[in-house]
Amino acid sequence: MTNHNLYLRLVGDRFEKTASQPFLIIPGRRPLLFSELDRMTGCVAARLLELNVEPGDRVMVQVAKSPESVLVYLACLRIGAIYTPLNPAYTTAEVSYFMTDSKPQLLICQPIERESLFDLSLACKVPHIRTLGSDGDGDLMHGLESLTPEMTVVEREADDLAAILYTSGTTGRSKGAMLTHHNLASNAEVLHSYWHWQDQHDVLLHALPVFHVHGLFVALHCALLGCSTVYFLSRFDTGQVIDRLPDCTVMMGVPTFYTRLLSDARLTPELCSKMRLFISGSAPLLAETHREFEQRSGFQILERYGMTEAGMITSNPYHGDRLAGTVGYALPGVSVRIADNNGNELPRGEIGVLELKGPNVFKGYWQMPEKSAAEFRQGGWFISGDNAIMDQTGRISIVGRAKDLIISGGYNIYPKEIEAVIDTIPGVAESAVVGVPHADFGEAVAAIVVKDGSRQLGEQEIIEPLQGRLARFKQPKRVFFVDELPRNSMGKVQKAELRDTYKESFGSK
Ligand code: MLC
Ligand code: AMP
């Protein structure tokens, strides 16, 4: 049997030529060398085996970005465990849902969170909890050097799960997208080739979080396949990114990264003299940002489009026009069509829902067979929920969303989840949550609330009860009170009207 374990494609024994070079360069810490990667992953794998993690078990990881967190990801692949990362911004209440749903064998959390998560892990019957801090501290790594590294790479079928990534849903309930070894490997290989990765020469500037497709898979997989050194920054800090740009050749980011760079006078063509490629995705890049960035840096940003369930789907070309406001063409091996609400393909030039098929498309949602089936059309087309248009050449533009979703700074926020919590606050009759334009985050969350008259309510009375229940990034940045919500004749809240009414809440653009 061929071993389809993604670990072999990403690490294996591929780093002979770059052995002495750094894989990850981390400010204030010793770099992680390519020569160390296989053995250190083997040590972490040995620790996971000590904790009885078996192939197919979930390992839930809610930690800060660190080189050790990358080792944990690779070690999970190696032993055939299913890596299940979570945003550290999630509250204990949110984590409780993920634990109950995925039933991990092991939870790895930040040392500071151990106390609050310990009882929860007991209640959810999670057998083991370990800690990992941003400096590699915490009990997960204690005494690791004395362990005999586990150097085998467990055999995996192409269809076996490598990771579960939770995405929120329009119903407010998160769904675990099941990604297989082949989903991830095929997408990585296509991107590595489509973006003309310069093996052993590219240097990647990495300032994205590593619990989402963008920073974890797109960025790290390309770097590993290309044996590239990575400047691994804990978060996006404009100053740090500006300091590092002269040493790098590729950067991937959400649109906020680019608007923040534009607001810094140090962004010049000279600063980017070694750069080869700036890539943007996860949220729409404004055409004006694309144009301004070209004027200031000399680079046309390459915009691509993707989602958790399918990794990368389309990309502007490497050679040829990178058109502002478009997301380019279907990647090789990926089929894309624009369809009406019944799944009938529409002629070129008409707006409809983007549907897709390919080796990148996930296996379904964890333990939700009906919900999974409902997202696919006959013939295996996955319904993205994004409204798009395709021109005569096959070039795609995303023009809106069929799903009720806010994307803020590259994070997806489902209004339903926020509304459900706000509606439980005493004094609230009902609420509607919408995304409104925001210069930094692209969209920001605004809540429109109808009071029931039983008590006095101000912005604070709405925000305060959300603490501990919803991650900060999901909480409304503005709250408005109205007598009633606008509804159509069917009684459906008119969110487009609300978005329009409140579009200048964060200043006009
Ligand atoms: C942080 N905050 C946000 C936010 N990020 N609020 C709304 N939207 C966001 N994205 C809030 C914090 O809660 C905090 O609130 C305040 O803003 C400052 O927090 P911070 O941590 O200092 O923010 P910062 O580090 O500046 O982070 C902003 C950011 C970050 C845009 C750099 O959010 C980021 O890295 N986003 C990338 C997300 C990403 O990787 N998405 C890819 C998904 S994969 P307070 O109230 O406490 O002050 C995907 C598929 C695909 O979509 O196609 O790629
Ligand atoms: P996620 O579920 O976090 O993976 O987010 C996926 C969603 O992000 C997609 O369904 C799109 O709505 C959006 N998205 C990703 N890339 C782009 C892009 N380049 N332009 C517009 N929207 C995008």
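Numbers here are sequence positions counted from 1. One-based numbering, in listed order, for ligands and for the atoms of each.
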* Asked: Considering only heavy atoms, which of R304, R260, R472 lies nearest to atom 15 (O) of ligand 1?
  -> R472
* **salt_bridge(E309, K403) N-O dist < 4.0 Å** => no
* Nearest protein heavy-atom contact for atom 6 (N) of ligand 1: which residue, which atom, what distance? -> K477 NZ, 3.0 Å
* Asked: Are Y90 and F98 close enough that their ring centers fall under 6.0 Å?
  -> yes
* Asked: So do T180 and M178 actually touch side chain to side chain, heavy atoms under 4.5 Å?
  -> no
* Asked: According to the interplanar angle, ranging from 0 to 90°, do the rings of F293 and Y258 count as parallel (below 30°), tilted (30 to 60°) or perpendicular (above 60°)?
  -> perpendicular
* Asked: Tell me: protein heavy atom nearest atom 16 (N) of ligand 2, and distance?
  -> S282 N, 3.1 Å
* Asked: Where do R499 and D404 come nearest, in terms of heavy atoms and distance?
  -> NH1-OD1, 4.4 Å
* Is the shortest N/O to N/O distance between T167 and ligand 2 below 3.5 Å? -> no
* To do: Would you kindly specify which portion of H212 sits under 4.0 Å from ligand 1, judged on non-hydrogen atoms: side chain, backbone, both or neither?
  => side chain
* Asked: Out of A177, P255, A283, G281, whose heavy atom sits nearest atom 18 (C) of ligand 2?
  -> A283
* To do: List the closest protein heavy-atom neighbour of atom 21 (C) of ligand 2: residue, atom name, distance to the nearest 0.1 Å.
  => P284 N, 3.5 Å
* To do: Please work out whether any backbone atom (N, CA, C, O) or any side-chain heavy atom from C-beta onward of E309 is under 4.0 Å from ligand 1, and answer side chain, backbone, both or neither.
  => neither
* **Step-by-step side chain to side chain contact (heavy atoms under 4.5 Å, CB included) determination, S335 to W381** => CA-CA 9 Å; S335 306; W381 294 92; 3.8 Å; yes
* To which protein heavy atom is atom 12 (O) of ligand 2 closest, and what is the distance rounded to 0.1 Å? -> D386 OD1, 2.6 Å
* To do: Look at atom CD of E370 and say whether more than 12 heavy atoms of other residues, nucleotides or ligands are closer to it than 6.0 Å.
  => no
* Asked: Considering residues, nucleotides and ligands other than N341, do more than 12 of their heavy atoms fall under 6.0 Å from its CG?
  -> no
* Aromatic F278 / basic R276 pairing, under 6.0 angstrom, 45° off normal -> no
* Structure fact -> In ligand 1, the atoms that come under 4.0 Å of a heavy atom of L208 are 40 (O)
* To do: For the residue pair Y365 and F362, categorise the inter-ring angle as parallel (less than 30°), tilted (30 to 60°) or perpendicular (more than 60°).
  => perpendicular
* Is at least one protein non-hydrogen atom found at under 4.0 angstrom from atom 28 (C) of ligand 1? -> yes
* Asked: Closest non-hydrogen protein atom to atom 41 (N) of ligand 1, residue and atom name please, with distance?
  -> G410 O, 2.9 Å
* Closest candidate by heavy atom, reference atom 3 (C) of ligand 1, pool F441, Y411, F211, F257 -> F441
* Evaluate whether atom CD of Q467 has more than 12 neighbouring non-hydrogen atoms of other residues, nucleotides or ligands under 6.0 angstrom away. => yes
* To do: Evaluate the 4.0 Å heavy atom contact test for atom 9 (C) of ligand 1: does a protein atom fall under the cut-off?
  => yes
* To do: List the steps and the verdict of side chain to side chain contact (heavy atoms under 4.5 Å, CB included) for R244 and D247.
  => CA-CA 6 Å; R244 284 296 153 219; D247 304 318; 3.2 Å; yes
* **N or O pair under 3.5 Å between V213 and ligand 1** => no
* Asked: Nearest to atom 2 (O) of ligand 2, what protein heavy atom do you find, and at what distance?
  -> N412 ND2, 2.8 Å
* Can you label the angle between the Y73 ring and the H221 ring as parallel, tilted or perpendicular, going by 30° and 60°? => parallel
* Heavy atom under 4.0 Å from ligand 1: found in R235's side chain, backbone, both, or neither? -> side chain
* **Over all atoms of both residues, closest heavy-atom pair of E94 and E417** => OE2-OE2, 3.8 Å
* Asked: Does P209 have a non-hydrogen atom less than 4.0 Å from ligand 1?
  -> yes
* Asked: Tell me: protein heavy atom nearest atom 19 (N) of ligand 2, and distance?
  -> R304 O, 2.7 Å
* To do: Could you tell me the residue and atom name of the protein heavy atom closest to atom 50 (C) of ligand 1, and the distance to it rounded to 0.1 Å?
  => M307 CA, 3.9 Å
* Asked: Under 4.0 Å from ligand 2, counting heavy atoms only, is it the side chain of S280, its backbone, both or neither?
  -> neither
* Asked: Does K403 come within less than 4.0 Å of ligand 2, judged by its heavy atoms?
  -> yes
* Heavy-atom side-chain contact between P255 and T289 under 4.5 Å -> no
* Asked: Heavy atom under 4.0 Å from ligand 2: found in E303's side chain, backbone, both, or neither?
  -> side chain
* Asked: If you count the atoms of ligand 2 from 1 in the order shown, which ones are under 4.0 Å from a heavy atom of I407?
  -> 8 (O), 12 (O), 13 (C)
* Taking only heavy atoms of S408 into account, list the atoms of ligand 1 that are under 4.0 Å away from them. => 7 (C), 8 (N), 9 (C), 10 (N)
* Asked: Hey, does N412 have a side-chain heavy atom less than 4.5 Å from the side chain of T167?
  -> no
* To do: Can you confirm whether something in the protein, heavy atoms only, sits under 4.0 Å from atom 19 (O) of ligand 1?
  => no
* Structure fact -> Under 4.0 Å from one or more heavy atoms of G306, ligand 1 contributes atoms 53 (O)
* Structure fact -> In this structure, atom 7 (C) of ligand 2 is nearest to the protein heavy atom G306 O, 3.9 Å
* To do: Apply the side-chain hydrogen bond (donor to acceptor under 3.5 Å, both in side chains) test between S315 and each candidate in W195, Y305, Y329, Y194; give the one that qualifies.
  => W195
* Could you check which of G442, G409, S282 puts a non-hydrogen atom nearest to atom 42 (C) of ligand 1? => S282
* Under the salt bridge (charged side-chain N to carboxylate O under 4.0 Å, His left out) criterion, do R322 and E294 qualify, and how do the steps go? -> CA-CA 11 Å; R322 299 175 191 169; E294 186 175 3; over 6 Å; no
* To do: Select one of side chain, backbone, both or neither to describe which atoms of F473 lie under 4.0 Å from any atom of ligand 1, heavy atoms only.
  => both
* Say whether Q475 and ligand 1 are in contact under the criterion: heavy-atom distance to a ligand atom below 4.0 Å. => no
* Asked: Can S505 and R478 be said to form a side-chain hydrogen bond (donor to acceptor under 3.5 Å, both in side chains), step by step?
  -> CA-CA 8 Å; S505 310; R478 293 292 305 272; 5.2 Å; no
* Please confirm whether K474 comes under 4.0 Å of ligand 1, counting heavy atoms of the residue only. => no
* Asked: N/O of T256 under 3.5 Å from N/O of ligand 1, yes or no?
  -> no
* **Shortest non-hydrogen separation from V254 to G409 and the atoms involved** => CG2-O, 3.9 Å
* **ligand 1 to T308 polar contact by distance, N or O atoms, under 3.5 Å** => no
* Is it the side chain, the backbone, both or neither of T308 that has a heavy atom closer than 4.0 Å to ligand 2? -> both
